[in-house]
Amino acid sequence: MGYDLVIVANRLPVDRVEQPDGTSTWRPSPGGLVSAIEPVMRADDGVWMGWPGGTEQDLEPFEADGLSLHPMSMTAEEIEGHYEGFSNATLWPLYHDLVAKPEFHREWWDTYVSVNQRFADEAAELANEDALVWVQDYQLQLVPQMLRELRPDLRIGFYLHIPFPPAELFQQLPWRRQLLEGLLGADLVGFQLPGGAGNFVRLVRQRVGHKTHRDLVYLPDGRTVRAAAFPISIDAAGFEELARSEEVTSRAKEIRAALGDPSKIFLGVDRLDYTKGIYARLRAYAELLEDGALDVEDAVFVQVAVPSREHVEEYQRLRDEIDRLVGRINGDLGRIGRPAISYLHSSYPREEMAALYRAADVMVVTPYRDGMNLVAKEYVACRYDDAGALVLSEFAGAADELRQAWLVNPYDINGMKAALLEAYRADGKDLTKRMKAMRKTVSHNDVRAWADHFMSELSHVRDKHGKAVRPASRS
Ligand code: F6P
């Protein structure tokens with residue numbers, strides 16, 4: 001039996017949970033993408049293909065909470081070459097403004113190609129005639145073209161969750177042409193921001209030599225590919241409901257009390273990733289304490305750093321650097337029962353995150369480069385009280401929408417210090433005005449609207465005779 005909708009992603013939308021008796025079950029992972037795509041999957045008889053993590057082989061397809069899931073196993077060599085290597089030590093830094101130096105290794109590329117081919121082969125098997133296939137993210141950029149060769153009848157969409165870099169950076173990649181051609185297998189290529197879509201179209205014109213006009217690429221075989229921006233979002237109503245719950249409300253109070261009831265709580269929540277600007281942000285905060293502008297008796301910075309990609313060298317180095325910095329700041333500036341920084345290297349369930357968002361007076365999101373940054377949107381969704389300040393990097397995709405945040409350049413430490421202080425000192429009226437405006441934006445453009453928009457544009461890309469048609473523009 002095949003499916004009318006196939007989601008192809010590097011990871012499955014469920015996490016494996018080990019039971020005390022040694023058996024294991026699956027739990028839906030808290031990511032927003034699942035909640036966005038889940039209703040479409042149910043309505044359209046869909047399946048989700050992806051890696052469940054780990055090296056277990058020959059996993060059988062299964063259902064979790066009524067969703068059809070198709071696990072793709074990976075060997076230890078594939079994890080090293082495809083996931084940790086080419087995806088996260090080559091593409092990730094290259095696509096994030098070279099915040100770290102990308103490594104180029106031919107063996108990693110070979111593994112990336114073979115894993116992409118395996119995903120494409122499997123998707124070709126799973127898809128019904130004329131089905132819709134939606135490929136997700138930078139780990140699978142070759143899948144659209146590989147799949148089109150196997151199944152020209154399919155409608156293929158691709159969405160890039162991370163930034164797409166300007167030509168000056170992208171062209172360093174030895175396999176730049178192959179990646180561009182891989183993406184051109186899709187009918188619709190979605191990006192977070194119009195800038196990414198523009199970079200892609202320009203590169204296709206320069207490097208592959210196809211004709212382009214605005215957001216369209218004309219292929220020699222008569223096919224048209226559209227590249228456009230679809231800024232991703234969160235389940236805003238779900239977060240608000242959680243934030244309003246009694247459990248979260250009392251947990252937020254508990255958190256404040258456990259921190260010694262400071263007058264203001266600053267909060268950072270990030271995967272422990274060098275793109276997130278954690279080091280510079282903590283330094284800026286520490287300098288405010290040193291300058292006497294803030295006092296550990298009044299304020300505390302809670303930094304949650306979610307462990308991530310722990311086998312990749314740059315991530316191990318970052319962890320050591322942050323550990324050392326936090327130790328030094330607390331050693332120099334903390335007092336008994338009053339650390340300057342409360343540092344948590346762990347991941348937490350959604351409920352705990354909502355309680356932290358409710359407890360925090362100033363949310364600090366300062367990546368050097370970020371596709372969107374959903375933490376910023378989650379904070380806004382949880383502040384139904386119209387209180388709380390958001391300090392946000394200009395280089396996060398979210399800054400395009402959340403214009404009422406205190407926008408900062410994360411490379412400018414003095415500028416960040418000034419913004420942190422302004423947000424700390426802002427009066428209630430100013431905070432309310434800013435938060436109300438940001439909440440309107442987030443609740444209007446939620447993740448359902450994002451998924452519906454992409455899917456409807458994709459289903460209009462070609463008519464049933466395979467002829468390219470321009471999707472109707474949305475008002
Ligand atoms: O932001 C890109 C992304 O791949 C997300 O899709 C994912 O949630 C996050 O990075 C972490 O990715 P992973 O743990 O799969 O490397």
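Each ligand, and each atom within it, is numbered from 1 in the order the structure gives.
A cation-pi arrangement is present between R244 and Y384, with the terminal nitrogen or guanidinium carbon under 6.0 Å from the aromatic centre and inside a 45° cone about the axis. A cation-pi arrangement is present between R309 and W92, with the terminal nitrogen or guanidinium carbon under 6.0 Å from the aromatic centre and inside a 45° cone about the axis.
Residues meeting the salt bridge (charged side-chain N to carboxylate O under 4.0 Å, His left out) test with D412, sequence neighbours left out: none. With sequence neighbours left out, the salt bridge (charged side-chain N to carboxylate O under 4.0 Å, His left out) criterion links D137 to no other residue.
Evaluation of the salt bridge (Lys or Arg N to Asp or Glu O under 4.0 Å) test over residues 158-182, restricted to residues two or more places apart or in two chains, returns R177-E181.
Taking the six-membered ring for Trp and thresholds of 30 and 60 degrees, F395 and Y411 have ring planes inclined between 30 and 60 degrees apart.
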Does ligand 1 have any N/O pairs with the protein under 3.5 Å, and how far apart?
from	atom 1	to	atom 2	distance (Å)
ligand 1	10 (O)	R309	NH2	3.2
ligand 1	12 (O)	R309	NH2	3.2
ligand 1	14 (O)	R11	NH2	3.3
ligand 1	14 (O)	Y83	OH	3.4
ligand 1	15 (O)	R11	NE	2.7
ligand 1	16 (O)	Y83	OH	2.6
ligand 1	16 (O)	R309	NE	2.9
ligand 1	16 (O)	R309	NH2	3.2

